[in-house]
Amino acid sequence: MKSKIEGKLFNNILDIVKQIPKGKVATYGQIATIAGTQNPRLVGFALATLKEDTEIPWFRVINSKGKISFPEQSDGFKIQYSLLQNEGILFDAKNRINLKQYGWKSF
DNA sequence: GGCTTGACTTACA
DNA sequence: CTGTAAGCCAAGC
C-alpha cells in the first residue's frame, strides 16, 4: 500500500468527472478549476491514463470549444460521439456541443 | 533526479 | 475567424 496518493489533484479530477450527471458535459477548464488546479492538461492526462474498464465517463469531458478533443478520424472520436448521443446529447452542424444547453453546472 | 510530452485554456495581435 | 505564447501537473525515459 502506498502511503501517498498518486497526485491529489489527479484523484480529484477523476472523482469530479464521475460526478458529471448523465446528459451533461463539462469542459477541461471547468473540471480543472473545480479540482483545484490551473492546468487543464492534467484533466486530459488523467483521462488518458484511464483503463478500458474504467467507470469514469471520460466521454462527457470536452474542450472549451464544445468539441471532442480527438481528431474526427480517430476511433476515440467516433466512440465518444456515439456515447454522447446515447446520453441524449446532440451535436450541431459543426459537430459542436451546445454548452448553453448541455453544459454541466458546478455543485 | 531532470527534461520532454500531453485527450487544454486563456489572452493578445 | 486564425496564429502564437505562457501557465501548470503528472507520467515516461
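Per chain, numbering begins at 1; letters A, B, ... match sequence-line order.
Both distances falling under 3.5 Å, in either a Watson-Crick or a G-U wobble arrangement, occur for no nucleotide opposite dC8(C). When both distances must be under 3.5 Å, the Watson-Crick or G-U wobble mate of dG1(B) does not exist.
Nearest to the side chain of N39(A), among dC9(C), dC1(C), dA7(B), sits dC9(C). The nucleotide whose nearest atom lies closest to any side-chain atom of Q38(A) is, among dA7(B), dG7(C), dC8(C), dC8(C). In this structure, the nucleotide among dA7(B), dT9(B), dC8(C) sitting nearest to the side chain of K65(A) is dT9(B). For Y28(A), the listed nucleotide lying nearest its side chain is dA7(B); candidates were dA10(C), dA7(B), dG7(C). The F45(A) side chain lies nearest to dA10(C) when the options are dT9(B), dA7(B), dA10(C).
Of all the heavy atoms in L50(A) and T54(A), the pair that sits closest is CD2-OG1, 3.9 Å. Considering all non-hydrogen atoms of both residues, Q80(A) and F70(A) come closest at OE1-CD1, 3.6 Å.
What separates CD of Q73(A) from P of dA7(B) is a distance of 14 Å, to the nearest Å. Protein atom CG of N63(A) is 9 Å distant from nucleotide atom C1' of dA7(B), rounded to whole Å. The separation between K94(A) atom NZ and dT2(C) atom P is 11 Å, rounded to whole Å. With rounding to whole Å, L47(A) atom CG is found 12 Å from dT9(B) atom P. Rounding to whole angstrom units, CG of residue L42(A) and C1' of dT9(B) are separated by 12 Å. In this structure, K8(A) atom NZ and dA11(C) atom P are separated by 16 Å, rounded to whole Å. In this structure, L50(A) atom CG and dA11(C) atom P are separated by 12 Å, rounded to whole Å. N11(A) places its CG atom 17 Å from the P atom of dC9(C), with the value rounded to the nearest Å.
Ring planes of F91(A) and Y81(A): parallel class, angle under 30° (limits at 30 and 60°).
Using a 4.0 Å cut-off, some side-chain N or O of S64(A) falls inside it from OP1 or OP2 of dT10(B).
Inter-residue side-chain proximity for I68(A) and F59(A) is flagged as unmet; no heavy-atom pair is nearer than 4.5 Å.
In summary, of the residues considered (K24(A), R60(A), K22(A)), a side chain to side chain donor-acceptor pair (under 3.5 Å) with E87(A) occurs for R60(A) alone.
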